Amino acid sequence: PRTSASSASEENSSRTLRGAVTRFLIRTLGTTPDALKITFDTADQVWLDESIDESRYQISAMSDLLFTDRLDLEIRRWAEGRPGERRLLKVKPLIRCIIAEAAVGLPRHQPIKEEQINAVEAWLTPSQRSIRLEPIDVIGRVPVAPLKAGTMFRARDIRAVQLIDRGDQVIVRCLIGGAAISLKARAESPGGL
């Protein structure tokens, strides 16, 4: 196989370059060791098993870690206070998350109730995690189209309940510093909470 996966909880305390990369990803992705799996290329295995006690390494991301599936990390070895060998490391992290899933078929334009949602545990890439919805994000909203049971909720599938129609009279209140301003206005478009 060209890749090998490892659990972050096993590698987190390791004094190897693999352990340092694992700690960097845990910190940068804002997760915990037991909620992270990392897939490394097998070609990098020997290099990743090097001890960090003998050399100092600098790890930096080459792309936005929160919106990608496969990460490019630049690893630079330092020796005697000077930058030395530089390598590119490709990793694929998976993060354990709770996602909202439709427990039953849902018609459009009907507010979603708590019993119509399942909280499901899933391993997602960072880009998938950034668009997932948790059960609390879904309750009270309405589907824009019918949804089948087992469908994972996405932001584009639901919208807030419409409370205001275009042309309705509304009161706008703004708090600016210690002063409150209140005025009557007319809604230019429909709106929800």
Side-chain angles (χ1 to χ4, degrees), residues 1-103 114 117-139 141 147-158:
R2 297 191 52 171
T3 60
S4 66
S6 66
S7 170
S9 57
E10 297 168 4
E11 302 295 341
N12 186 36
S13 59
S14 170
R15 298 292 301 158
T16 62
L17 183 55
R18 183 191 317 270
V21 168
T22 300
R23 290 186 289 279
F24 172 80
L25 291 174
I26 290 168
R27 187 175 56 254
T28 309
L29 294 172
T31 189
T32 59
D34 60 326
L36 180 65
K37 288 182 191 174
I38 307 167
T39 303
F40 296 98
D41 286 342
T42 53
D44 296 324
Q45 296 302 322
V46 173
W47 186 56
L48 287 167
D49 290 334
E50 289 183 11
S51 171
I52 58 171
D53 293 328
E54 298 162 13
S55 300
R56 197 177 109 206
Y57 291 93
Q58 176 184 351
I59 304 169
S60 54
M62 303 293 289
S63 57
D64 189 342
L65 294 179
L66 302 179
F67 298 103
T68 187
D69 293 343
R70 191 159 173 86
L71 308 177
D72 293 332
L73 301 176
E74 180 187 49
I75 312 292
R76 184 173 290 249
R77 184 194 317 242
W78 287 70
E80 299 174 5
R82 302 182 125 182
E85 177 189 9
R86 191 187 98 164
R87 284 188 69 170
L88 188 65
L89 178 68
K90 294 182 180 291
V91 298
K92 183 177 180 182
L94 291 174
I95 306 156
R96 188 174 62 215
C97 304
I98 300 297
I99 59 171
E101 181 183 89
E114 188 173 355
I117 303 167
N118 286 332
V120 179
E121 188 178 278
W123 290 92
L124 305 176
T125 63
S127 65
Q128 292 170 327
R129 182 178 76 158
S130 68
I131 63 167
R132 86 183 189 294
L133 295 175
E134 295 184 24
I136 194 71
D137 301 323
V138 176
I139 297 170
R141 298 195 172 236
L147 296 174
K148 295 179 182 176
T151 303
M152 181 179 89
F153 286 101
R154 295 172 296 185
R156 69 178 188 200
D157 296 332
I158 59 174

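Please read these numbers as outputs of a predicted model, since none were measured by experiment.
The backbone N or O of Asp44 lies less than 3.5 Å from no partner atom in the side chain of Arg87, so there is not a single donor-acceptor pair. Panel note: side chain Arg141, backbone Val138; no donor-acceptor pair is recorded below 3.5 Å.
By the side-chain contact (heavy atoms from CB on, under 4.5 Å) test, Thr151 pairs with Leu147, Lys148, sequence neighbours left out. Contacts of Glu50 classified as side-chain hydrogen bond (donor to acceptor under 3.5 Å, both in side chains), with partners at least two apart in sequence or in another chain: Tyr57, Arg77. Annotation: salt bridge (charged side-chain N to carboxylate O under 4.0 Å, His left out) contacts of Glu114 (sequence neighbours excluded): none. Scanning for side-chain hydrogen bond (donor to acceptor under 3.5 Å, both in side chains) contacts around Arg15 gives Asp53, with sequence neighbours left out. Taking Arg86 as the reference, Glu74 meet the salt bridge (charged side-chain N to carboxylate O under 4.0 Å, His left out) condition, with sequence neighbours excluded. Under the side-chain hydrogen bond (donor to acceptor under 3.5 Å, both in side chains) criterion, Thr28 pairs with no residue at all, not counting sequence neighbours. The side-chain hydrogen bond (donor to acceptor under 3.5 Å, both in side chains) test applied to Trp123 returns no partner, not counting sequence neighbours. Remark: Ala122 engages Ile99, Leu124 in a side-chain contact (heavy atoms from CB on, under 4.5 Å) (not counting sequence neighbours). Residues forming a side-chain contact (heavy atoms from CB on, under 4.5 Å) with Asp49 (at least two apart in sequence, or on another chain): Arg18.
Here the CD1-CZ distance, from Ile139 to Phe153, works out to 10.0 Å after rounding to the nearest 0.5 Å. Residue Ile26 holds its CD1 atom at 7.5 Å from OG1 of Thr31, rounded to the nearest 0.5 Å. Going from atom CH2 of Trp47 over to atom CG of Asp41 covers 11.5 Å, rounded to the nearest 0.5 Å. Taken from CD in Glu85 to CD1 in Ile75, the straight-line distance is 10.5 Å, to the nearest 0.5 Å. Note that the CZ atom of Arg23 and the CD1 atom of Ile59 stand 8.0 Å from one another [nearest 0.5 Å].
Considering every non-hydrogen atom in both Ala100 and Pro135, the closest pair reads CB-N, 3.7 Å. Across every non-hydrogen atom of Ala103 and Ala149, the tightest pair is O-CB, 3.8 Å. Of all heavy-atom pairs between Asp137 and Ile158, the closest is O-CD1, 4.1 Å.
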Could you give the side-chain donor-acceptor pairs of residues 89-98 under 3.5 Å, partners two or more places apart or in another chain?
residue	atom	partner	partner atom	Å
Lys90	NZ	Asp72	OD1	3.0
Arg96	NH1	Asp34	O	3.2
Arg96	NH2	Asp34	O	3.4
Arg96	NH2	Asp34	OD2	3.4

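Considering only heavy atoms from C-beta on, Leu71 comes within 4.5 Å of Leu25 through its side chain.
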